[in-house]
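One structure coming up, written as structure tokens, with questions to follow.
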Amino acid sequence: MIVHSDKLLNLFGSMIDERLQSRKSRDLTTSNDVLDILLDIIEGEELNKTHIQHLLLDLFAAGTDTTSSTLEWAMPELLRNPQALLKAKKELVEAIGKGNPVEESDINCLPYLQAIIKETFRMHPAVPLLLPRRAGSDTNLCGFKVPKGSQVLVNVWAIGRDPSIWDNPNSFIPDRFLGSEIDVKSRDFTLIPFGAGRRICPGLPLANRMLHLMLGSLINCFDWKLEAKISPNEMNMEEKYGIAVHMATPLRAIPLLV
Ligand code: HEM
């Protein structure tokens with residue numbers, strides 16, 4: 001981990017130097033991206049290069065595995081649930097035309113795709129215990145005493161499988177979200193894969209968009225089949241716990257151009 005972090009820090013260091021160099025040249029057309037904004041702040045001397053290197057490392061570390069593991073779970077759930085896959089394909093063909101990649105502006109016209117992403121978050125939250133918190137004062141929470149200083153973990157995985165909240169909690173049923181107000185930002189805290197409140201994941205808007213673009217495009221541009229010896233109901237859906245939860249046996253699916 002340390003070796004990889006050092007490699008990434010060096011890579012970010014050279015990207016920053018390169019950008020600083022190009023900002024000095026007269027014919028510069030700024031890209032006004034995240035790095036440019038951070039470098040504007042450096043010029044105001046509130047940040048230095050090391051801060052930016054570590055900030056970029058944080059964003060990459062927090063954003064990569066979480067987004068990819070969500071997509072990694074959405075695909076096998078769809079392959080195990082051909083009806084849902086078919087419904088998503090139909091919606092995509094009608095909204096954006098067969099074989100086209102999904103654009104950001106299409107997302108609002110794709111309620112079923114949105115429901116699939118929510119259902120994946122419910123069953124497979126990438127960070128199942130969120131990040132540890134410490135109680136700032138003695139607290140009484142639903143009849144439980146939480147003494148000041150205790151470490152608190154929020155079990156989002158268990159919330160997503162709680163039968164008092166969800167019908168058939170262990171079944172992948174995207175339709176449950178159609179016409180429902182429940183959202184990853186809603187205040188009833190039933191679907192909180194990104195956490196909630198002041199420390200909610202700052203990458204939420206990016207991750208949510210990326211997931212719709214990637215999953216929608218994978219569904220609309222390809223037909224998918226499993227390897228010859230595997231049938232949908234025999235797929236191994238065991239989880240492997242790490243910083244993010246991955247499939248214990250990675251999915252091997254074959255794309256066929258539509
Ligand atoms: C599906 C994708 C993602 C999921 C499920 C996810 C989930 C989370 C969760 C649960 C937390 C902790 C919230 C808490 O403390 O209660 C978190 C924090 C964080 N996430 Fe994400 N995240 C995702 C994508 C991203 C992306 C794409 C980025 C950045 C580009 C990102 C950057 C961060 C950062 C910097 C923090 C720490 C925030 C803080 O400490 O205040 N995440 N994320």
Side-chain angles (χ1 to χ4, degrees), residues 1 4-5 8-9 11-12 15-16 31-38 41 47 50-78 102 104 107 113-136 139 141 146 150-161 172 174 177 182-218 239-247 251:
M1 183 74 178
H4 293 311
S5 303
L8 277 172
L9 287 172
L11 177 71
F12 295 139
M15 286 166 71
I16 294 168
S31 47
N32 215 18
D33 60 8
V34 175
L35 185 53
D36 266 323
I37 308 282
L38 292 171
I41 303 176
L47 284 182
T50 314
H51 290 137
I52 297 189
Q53 276 171 288
H54 284 267
L55 184 61
L56 293 178
L57 181 64
D58 257 9
L59 293 180
F60 271 78
T64 315
D65 230 18
T66 43
T67 312
S68 66
S69 82
T70 308
L71 191 63
E72 185 190 9
W73 284 108
M75 286 299 289
E77 287 293 3
L78 286 173
V102 176
E104 199 174 323
I107 297 175
L113 181 64
Q114 292 175 31
I116 288 173
I117 303 279
K118 285 182 187 172
E119 183 67 340
T120 309
F121 281 142
R122 180 187 70 79
M123 291 188 74
H124 305 287
V127 193
L129 300 177
L130 300 184
L131 297 185
R133 292 277 175 266
R134 190 183 305 281
T139 308
L141 190 68
V146 183
S150 346
Q151 189 181 74
V152 180
L153 297 169
V154 177
N155 192 339
V156 175
W157 190 96
I159 297 174
R161 306 280 180 140
F172 187 82
F177 287 106
I182 298 175
D183 180 69
V184 289
K185 280 181 282 181
S186 53
R187 307 285 300 162
D188 67 353
F189 307 118
T190 46
L191 188 69
I192 49 168
F194 295 95
R198 272 192 302 177
R199 299 302 289 265
I200 193 170
C201 170
L204 187 162
L206 174 66
N208 216 15
R209 280 190 192 93
M210 291 306 297
L211 283 167
H212 288 85
L213 299 195
M214 290 188 290
L215 185 64
S217 301
L218 287 175
E239 299 167 328
K240 187 170 93 185
Y241 195 77
I243 294 176
V245 177
H246 287 277
M247 296 184 77
L251 170 71

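Computed from a predicted model, the values in this text were never measured in an experiment. Counting convention: from 1, in listed order, for ligands and their atoms alike.
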Minimum-distance protein heavy atom relative to atom 15 (O) of ligand 1 =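 Looking at atom 15 (O) of ligand 1, the protein heavy atom closest to it is Arg133 NH2, 2.2 Å.
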message = Need the ligand 1 atom indices (1-based, order shown) with element for anything under 4.0 Å from a heavy-atom of Pro193.
response = 5 (C), 7 (C), 10 (C)
message = Keeping Glu77 on the side-chain end and Phe172 on the backbone end, is there a donor-acceptor pair under 3.5 Å?
response = no
query = Considering Ser69, Ala207, Ala62, which one's heavy-atom position lies nearest to atom 32 (C) of ligand 1?
reply = Ala62
inquiry  = Quick check: do Glu239 and Trp73 have side-chain heavy atoms less than 4.5 Å from each other?
reply    = yes
task = Using distance alone, decide if ligand 1 has a nitrogen or oxygen within less than 3.5 Å of any nitrogen or oxygen in Thr70.
result = no
inquiry  = I'd like to know if the side chain of Ser217 reaches the main chain of Val102, judged simply by a donor and an acceptor atom lying under 3.5 Å from each other, with no hydrogens or angles considered.
reply    =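 Checking the backbone N and O of Val102 against the side chain of Ser217, a donor-acceptor pair under 3.5 Å is found.
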key: Structural part of Met210 in contact with ligand 1, heavy atom criterion under 4.0 angstrom   = neither
key: Protein contact to atom 29 (C) of ligand 1 [nearest heavy atom, distance to 0.1 Å]   =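 For atom 29 (C) of ligand 1, the nearest protein heavy atom comes out as Leu59 O, 3.7 Å.
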note = Among non-hydrogen protein atoms, atom 24 (C) of ligand 1 lies closest to Thr66 OG1, 3.4 Å
Distance from atom 12 (C) of ligand 1 to nearest protein heavy atom, with residue and atom = Leu131 CG, 3.5 Å
ask   = Which ligand 1 atoms does Pro202 reach within 4.0 Å, using its non-hydrogen atoms?
value = 19 (C), 20 (N), 33 (C), 34 (C), 35 (C), 36 (C), 38 (C)
ask   = For Ile182, does its backbone N or O pair with a side-chain atom of Lys118 as donor and acceptor, under 3.5 Å?
value =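 Checked: pair present.
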message = Show the atoms of ligand 1 that are less than 4.0 angstrom away from any heavy atom in Leu130.
response =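 Counting from 1, the qualifying ligand atoms are 10 (C).
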inquiry  = Show the nearest heavy-atom pair for residues Leu113 and Gly216, with the distance to one decimal.
reply    =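 Smallest interatomic distance, heavy atoms only, reads CD2-CA, 3.8 Å.
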request  = Decide yes or no for Thr67 and Leu206: does some side-chain heavy atom of the first lie under 4.5 Å from some side-chain heavy atom of the second?
outcome  =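 No, their side chains stay 4.5 Å or more apart.
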inquiry  = Are there over 12 heavy-atom neighbours, none belonging to Arg199, within less than 6.0 Å of that residue's CZ?
reply    =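 No.
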key: Taking atom 27 (C) of ligand 1 as the reference point, the nearest protein heavy atom with its distance   = Gly63 CA, 3.5 Å
message = Within a 6.0 Å radius of atom CZ on Phe189, are there more than 12 heavy atoms belonging to other residues, nucleotides or ligands?
response =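 Atom CZ in Phe189 is packed in, count exceeds 12.
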remark   = atom 40 (O) of ligand 1 has as its nearest protein heavy atom Arg199 NH2, 2.9 Å
note = The protein heavy atom nearest to atom 4 (C) of ligand 1 is Phe194 CE2, 3.5 Å
task = Spell out, as yes or no, whether a donor-acceptor pair under 3.5 Å connects the side chain of Arg133 to the backbone of Gln151.
result = no
task = Could you name the option among Pro125, Ala61, Cys201 that has the heavy atom nearest to atom 21 (Fe) of ligand 1?
result =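 Comparing heavy atoms across Pro125, Ala61, Cys201, the nearest one to atom 21 (Fe) of ligand 1 lies in Cys201.
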